[in-house]
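Quick note: residue numbers are just sequence positions, from 1.
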Amino acid sequence: MTSVPNATDGNFAIMNARVPIAVCDGIRLRDADAASGLATADLFIRDGRLAARPDTQEGISIDAAGTLVLPGFVDMHVHLDKAYTVHRTGLPDGGLLDAVRLSIADAPNRTEDDLRARMRRSLQRAYANGTVALRTHLDTPELPDQSPAWRVFATLRDEFGDMLSLQAVALMALERVDDADYSDRCAQLSRLGGVLGMFVPPAMENANRLDRLFSLAAKHELDVDFHVDETLDPKAGGLAMIADAVQRTGFARRVVVGHCCSLSAQPHDQAAATLDLVAKAGLHVVALPTTNLFLQDRGAGRTPRLRGLTLVKEMRERAIPVSFASDNICDPFFPFGDFDMFEIMRETVRVAHLEGEIGAWADAFSRRPAETLGLAGHGRLAPGLPADFVQFAATDWIDLFCRSRLARCVVRNGRPVDGAFLQRRDIFTAQEKA
């Protein structure tokens, strides 16, 4: 990498970058390639923001030499309160329910000091890897005002306010809706600026509970974010029931549904009918490949045969908004990871067979989740937005995904986090030069 002295002291330009067309608005593009979804652009940075055109006083011009530039990542489904606990919990022998058992056993260890240390570490890693916004689910068995996780989140949201846009979801089981204090829970959550979360266990779908949930969410002006159909049981019908409930109740706020694994095990006609309901209800989907591939069809002493990845291509055919996210990191649900959305992007391209259409899916890791989370200032390369992007030492998608070690420069508000842009041709491997 080459350090560019004083590049961030004033106005400057990054010339000849390759950018995904799907995440650019108002940026002049040239040499656009429909097959790859990439084009060449010059990025003009002024006072930490992207500008539409060069300034007459442009001081420094940096030649990106055709390297890829992606907008800062938006990771819309993680679990900060569980991250980095796997050394305490151990590994699951079975699937989801075994991981739940291990996580519940670890819950008494989650003091405020413990939560603060692990959650801060998580946010530091996400920031260093190029994430600009993040939504976390927080287990909330108690009232939110009494929750150590929510108290810690509030302090970290302030601490990282200039680095990451943070949202939190109160994750509860569906039967919590029956509690007498559920409306008070929603009121507290609204005051905290949170999102109403719900885990819908397999075979526990309940239309009456969903109607009450949406009624109180509307009353307290809360968006809703579900864990649903996290199973390979083809009879699981939580997703369809949620879509029905949204239309039946007229709920008008944003509804996100995560996992939706059972679709991959259902007959075509059944899955297609559910997806038609999801599209009609206007639901937003977040797919979570790494955790689902780790937990689904898991059993001691046997090789998994089924994948558990939800039907993302069929969703996009119906114009259903689809995003991808990290989910669990270094906990019993997924014992690996580094809060690195580039890793999620690379693995998703491989397991979902997106290699022939990467350009069309590039927005699912930045622009699309930003829109779902209501974060208009993130996820795009556009004049007026903060100059938040990640530059990689690669010149096309194959270069980007073929190596485990790849130089990157994370840029926030026009400033490289590590003090250096990728500029010289001699940073590339022999394969890339060829």
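Judged by distance alone, with hydrogens and angles left aside, the side-chain atoms of Arg118 form a donor-acceptor pair with the main-chain N or O of Ala83 at under 3.5 Å. Arg316 places no side-chain N or O within 3.5 Å of a backbone atom of Val322 that could act as its donor or acceptor partner. Put simply, the side chain of Arg185 gets close to the backbone of Thr140: a donor and an acceptor are under 3.5 Å apart. Distance alone, capped at 3.5 Å, is enough to place a donor-acceptor pair between the Asn129 side chain and the Asp338 backbone. Under the 3.5 Å distance criterion, the side-chain polar atoms of Asp81 are matched with a main-chain donor or acceptor of Asp139. A donor-acceptor pair under 3.5 Å is absent between the side-chain atoms of Arg368 and the main chain of Gly379, judged by distance alone. Asp331 places a side-chain N or O within donor-acceptor distance of the main-chain N or O of Phe334, the cut-off being under 3.5 Å. One N or O on the side chain of Gln188 and one on the backbone of Asp145 form a donor-acceptor pair closer than 3.5 Å. Although no hydrogens or angles enter the test, the distance criterion places a donor-acceptor pair under 3.5 Å between the side chain of Arg318 and the main chain of Glu314. Side-chain atoms of Thr291 never come within 3.5 Å of backbone atoms of Asp327 as a donor-acceptor pair (strictly under, hydrogens ignored).
Closest approach of Met198 and Leu174 over heavy atoms only: SD-CA, 3.2 Å. The two residues Leu373 and Gln167 have their closest heavy-atom pair at O-NE2, 3.0 Å. Contact detail for Val228 and Ile242: the closest heavy-atom pair is CG2-CD1, 3.8 Å. Of all heavy-atom pairs spanning Arg18 and Asp33, the tightest one is NH2-CB, 4.2 Å.
Taking a cutoff of 4.0 Å between a charged side-chain nitrogen and a carboxylate oxygen, Arg380 and Asp363 do not qualify as a salt bridge. Looking at Arg253 and Asp223, a side-chain N of the basic residue comes within less than 4.0 Å of a carboxylate O on the acidic one, giving a salt bridge. Glu317 and Lys313 are not joined by a salt bridge, as no carboxylate oxygen comes within less than 4.0 angstrom of a charged side-chain nitrogen. Under 4.0 Å is where a charged nitrogen must lie from a carboxylate oxygen, and between Glu343 and Arg346 no such pair does.
Inspection of the Arg110 and Ser103 side chains reveals an N or O donor paired with an N or O acceptor under 3.5 Å. Between the side chains of Thr89 and Asp106, no donor N or O sits under 3.5 Å from an acceptor N or O.
Residue Ile320 holds its CD1 atom at 10.5 Å from NE2 of His284, rounded to the nearest 0.5 Å. Atom CG of Leu115 sits about 10.5 Å away from atom NZ of Lys82, to the nearest 0.5 Å. Distance check: Arg28 CZ to Thr40 OG1 gives 13.5 Å after rounding to the nearest 0.5 Å. Between the CG atom in Asp229 and the CG atom in Leu263 there is a gap of 7.0 Å [rounded to 0.5 Å]. The CG atom of Leu293 sits 6.5 Å away from the CG atom of Leu309 when rounded to the nearest 0.5 Å. One finds the OG1 atom of Thr67 at 9.0 Å from the CG atom of Asn16 (value rounded to the nearest 0.5 Å).
The aromatic rings of Phe401 and Trp397 sit parallel to each other, their planes meeting at less than 30°, with 60° as the upper class boundary. A tilted orientation is assigned to the rings of His259 and His227, their planes being inclined by 30° to 60°.
The side-chain tip of Arg121 points at the ring of Tyr84 from less than 6.0 angstrom away and within 45° of straight on. Taking the ring axis of Phe294 as reference, the NZ or CZ atom of Arg298 stays within 45° of it and closer than 6.0 Å to the ring centre.
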Derivation and outcome, side-chain contact (heavy atoms from CB on, under 4.5 Å), residues Arg307 and Val351: CA-CA 9 Å; Arg307 297 160 65 87; Val351 301; 3.8 Å; yes
side-chain contact (heavy atoms from CB on, under 4.5 Å) assessment of Val78 paired with Ile329: CA-CA 8 Å; Val78 302; Ile329 300 292; 5.9 Å; no
Derivation and outcome, side-chain contact (heavy atoms from CB on, under 4.5 Å), residues Leu70 and Val23: CA-CA 8 Å; Leu70 308 182; Val23 298; over 6 Å; no
Worked verdict on Leu275 versus Met315 for side-chain contact (heavy atoms from CB on, under 4.5 Å): CA-CA 7 Å; Leu275 290 177; Met315 291 173 179; 3.7 Å; yes
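Annotation: Asp158, atom CG; neighbour count of heavy atoms from other residues, nucleotides and ligands within 6.0 Å is above 12. Within a 6.0 Å radius of CZ in Arg302, other residues, nucleotides and ligands contribute more than 12 heavy atoms. For Arg191, the CZ atom sits in a packed shell: over 12 heavy atoms of surrounding residues, nucleotides or ligands are nearer than 6.0 Å.
Here Phe324 and Phe365 bring their ring centres to under 6.0 angstrom of each other.
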